[in-house]
Amino acid sequence: MLNLKIAETFRNLSQLFEIRQDNPFRTRAYERAAQAIEGLNEDIEIIAQEGRLREIPGIGEDLERKINEFIGTGKVRAYEELKKSFPDGLLELLRVPSVGPKTAKLLYDELRIQNVAGLESAIAKGKLKGIFGIKEKTIENITAGISLFKAGKERMPLSVAWQVAESFLKPLQDLPGVKKISCAGSLRRQKETIKDIDILIVSEKPQKIMHHFTSLPQVQEVIASGSTKSSVRTDDGIQVDCRVVMEKSFGAALLYFTGSKNFNIKLRQIAIRKSLKINEYGVFRGKAFVAGRKEGEIFKLLGMEYIEPELREDTGEIELARKGKLPKLITQDDLRGDLHTHSSWSDGNHTIQEMAHAAIRQGYSYIAVTDHSQGLTIANGLSVKDLLKKKREIEKVNNTLRRCKVLYGTEVDIDSQGGLDYPDEILKEFDIVIAAIHSGFKQSKEKLTHRMLKACDNKYVHIISHPTGRLWGTRNAYEIDFDAILTQAKDTNTALEINSFPLRLDLNDSHCRRAKERGVKLAINTDSHSIEHLQAARFGIAVARRGWLTSKDVLNTLPLGELLKAINK
DNA sequence: GCCGTTTTCGGCCCGACTGTTTTCAGTCG
């Protein structure tokens with residue numbers, strides 16, 4: 001996929017324009033295009049082949065040509081030309097917090113500073129003093145920015161972000177004077193990775209709240225502290241922003257603070273066309289306040305349905321909301337069971353009975369215990385002999401249960417040729433069969449794809465688990481031809497999994513949206529290895545919602561009887 | 001450079017906080 005490369009080219013162009021202080025609107029047009037391309041859930045080459053580039057918001061005649069140029073030649077001439085007039089490391093300077101385009105240009109013009117290393121040594125030699133507009137405090141800020149840049153503060157997984165957010169939400173929500181509190185930003189949109197945490201509070205006493213916020217024990221550094229807005233950094237280096245507004249502005253502020261940026265811009269443009277103005281305090285006609293207390297009333301005023309935070313990325317949701325045709329997103333309450341869990345029979349920590357009772361507490365009416373197959377010895381995979389014993393144990397447990405049924409399952413290994421780790425006579429005995437790749441990740445794209453297609457072909461395989469194999473911080477997704485897999489899954493009535501395990505989230509949101517468009521069913525599973533892991537379903541739900549899924553798109557929202565019929569091949 | 005239920009030209013989202021140049025530009029979200 002060239003999507004990210006093209007987006008990067010446009011972003012670099014935008015930043016070079018910014019440094020050159022080119023037409024600011026042209027600058028923004030390139031940045032918007034970069035964001036739009038990043039957010040695509042399709043291969044841009046396919047869009048180009050089908051002549052649909054102009055349908056991407058922010059892509060006009062010129063950028064269409066530049067995209068086609070990149071696809072054809074691997075380069076954009078205009079970018080290569082412009083790059084020549086700047087040193088290579090200049091864009092790097094913009095990634096230092098508190099260094100923006102103006103400062104970068106100033107540093108380059110005055111001191112010929114071309115990259116972060118140069119900036120660092122210039123500071124060490126005291127060369128920054130004396131430059132017009134730069135004094136002690138600015139140098140301090142830039143120095144701090146450099147250490148942040150070098151620390152390479154990465155994004156954190158959604159699950160970690162929730163933990164950090166709760167460590168702020170809990171102490172703040174009980175403070176006297178806090179009337180409402182909510183997280184906002186990409187956390188509220190439930191993106192799979194989060195950069196910083198945003199918190200919004202309703203209070204008549206903003207100063208007091210700000211004081212409490214900036215003095216919480218986990219705060220290591222106060223980056224900014226104003227009367228209604230403050231930013232801090234925690235001891236883990238995570239930035240948390242907090243903003244206090246009046247009650248009548250809560251909806252407007254929540255909308256603004258939740259973003260995404262492109263979503264907000266489009267909403268504000270629509271408002272302007274209706275002679276309205278939106279800011280974080282409300283919607284105004286002239287100077288008159290017309291709405292702002294709730295997000296819902298703002299959407300209504302703009303002539304559209306309420307848009308769930310997970311959809312707010314400006315990838316078509318605004319247009320559908322204006323027509324009243326948004327999908328009704330799946331919620332956690334829609335889930336009736338979990339189809340991928342492990343017990344102490346293989347590498348899980350709890351017995352089948354313990355897993356079943358945990359499922360009941362979760363409100364489920366079924367749980368599939370899908371232990372590993374024999375070849376996966378490292379995970380204590382089950383021999384054919386063990387399977388019989390396990391089956392009997394499940395029957396025994398089921399005899400003690402009334403509201404919940406344990407399904408006899410397996411997570412069968414797909415071998416390096418696409419064969420399965422149990423023969424068909426064994427596979428047909430299971431209530432549910434999940435197939436997954438656990439080795440040979442470095443094979444070619446063709447070979448990996450072939451293995452998956454072959455697994456789908458087996459009439460006893462119901463679900464392909466963690467289809468892209470990525471594991472946060474450990475390995476990237478392996479290369480597969482996802483479109484070919486979608487076609488095969490559809491043709492063979494094989495479902496694909498959204499693995500909710502916080503370090504996997506595999507499939508991801510854009511995979512889900514593509515699967516839904518192709519009519520492929522999904523299963524939201526946790527891959528639990530202990531009873532606590534069952535809670536992770538909320539992250540799979542987050543992925544599904546961001547992927548526009550409704551309960552109809554997801555297998556395990558079905559009652560047991562319908563589920564068993566639906567998976568039948 | 002993009003875009004149109006006022007426009008194919010003339011607009012383009014909006015505001016808080018900081019530091020510095022004492023009236024505002026730069027950065028950030």
Side-chain angles (χ1 to χ4, degrees), chain A residues 10 13-15 17-19 21-36 53-67 76 78 93-107 131-142 144-145 148 184-187 189 194-200 206 210 214 222-232 239-245 249 252-253 255-284 302-303 314 322:
Chain A
F10 285 170
L13 267 167
S14 166
Q15 294 184 333
F17 287 144
E18 214 176 343
I19 291 173
Q21 300 185 27
D22 213 302
N23 173 357
F25 298 108
R26 179 154 79 140
T27 303
R28 247 196 34 216
Y30 274 87
E31 171 61 29
R32 267 186 32 217
Q35 285 190 26
L53 288 172
R54 295 284 284 275
E55 291 171 22
I56 302 170
I59 304 297
E61 191 183 339
D62 183 77
L63 293 184
E64 177 187 38
R65 198 166 48 234
K66 288 194 165 79
I67 293 170
V76 174
L93 280 179
L94 294 182
R95 291 175 44 212
V96 175
S98 83
V99 176
K102 300 282 164 53
T103 312
K105 184 172 192 309
L106 184 69
L107 293 170
I131 294 186
F132 187 75
I134 294 186
K135 289 220 157 119
E136 205 51 45
K137 189 68 196 170
T138 303
I139 297 176
E140 232 176 75
N141 288 344
I142 292 176
L148 279 175
S186 54
L187 180 62
R189 301 201 313 280
I194 307 289
K195 188 147 157 260
D196 44 41
I197 312 271
D198 300 302
I199 293 171
L200 180 67
M210 289 290 94
T214 53
V222 178
I223 303 167
S225 92
S227 54
T228 62
K229 182 187 170 190
S230 297
S231 296
V232 300
Q239 183 172 331
V240 183
D241 299 335
C242 181
R243 184 119 181 207
V244 180
V245 296
S249 297
L255 191 66
Y256 155 75
F257 225 14
T258 298
S260 64
K261 193 172 175 177
N262 281 347
F263 177 86
N264 283 346
I265 289 174
K266 189 166 268 185
L267 238 48
R268 288 173 183 199
Q269 284 169 341
I270 290 170
I272 290 169
R273 270 181 252 138
K274 294 182 185 288
S275 305
L276 298 168
K277 183 181 82 166
I278 305 182
N279 59 27
E280 55 261 59
Y281 301 107
V283 184
F284 299 85
L302 295 178
D314 190 20
R322 296 177 91 171

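Quick note on labels: first sequence line is chain A, next is B, and so on, each numbered from 1. Note that the structure is predicted; figures quoted are calculated from it, not measured.
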Would you mind telling me which of B/dT20, B/dG15, B/dG1 lies closest to the side-chain atoms of A/T138?
-> B/dT20
Please report the closest heavy-atom contact between A/I194 and A/D196, naming both atoms and the distance.
-> CG2-O, 3.4 Å
Residue-phosphate contact under 4.0 Å: A/K66 side-chain N/O, B/dC2 OP1/OP2 = no
Report, as a single string ordered 5' to 3', how protein heavy atoms within less than 4.0 Å touch nucleotides 21-29 of chain B: B base, S sugar-phosphate only, - not at all.
-> B----SSSB
Quick check: does any side chain N or O of A/R189 sit under 3.5 Å from a backbone N or O of A/T258, one acting as donor and the other as acceptor?
-> yes
Could you write out each protein N or O paired with an N or O of nucleotides 8-12 of chain B at a distance under 3.5 Å?
none

Would you indicate whether the side-chain heavy atoms of A/R268 and A/Y256 approach each other to under 4.5 Å?
-> yes
Regarding the side chain of A/S227, the nearest nucleotide among B/dA16, B/dC17, B/dC2 is B/dC17
Is A/D62 touching bases, backbone alone, or none of the nucleic acid, heavy atoms closer than 4.0 Å?
-> sugar-phosphate
Using a cut-off of strictly less than 4.0 Å, decide whether A/N141 has a side-chain nitrogen or oxygen near OP1 or OP2 of B/dT18.
-> no
Can you tell me if the side-chain N/O atoms of A/T27 get under 4.0 Å from OP1 or OP2 in B/dG1?
-> no
Do any side-chain nitrogens or oxygens of A/N279 fall under 4.0 Å of OP1 or OP2 in B/dG15?
-> yes
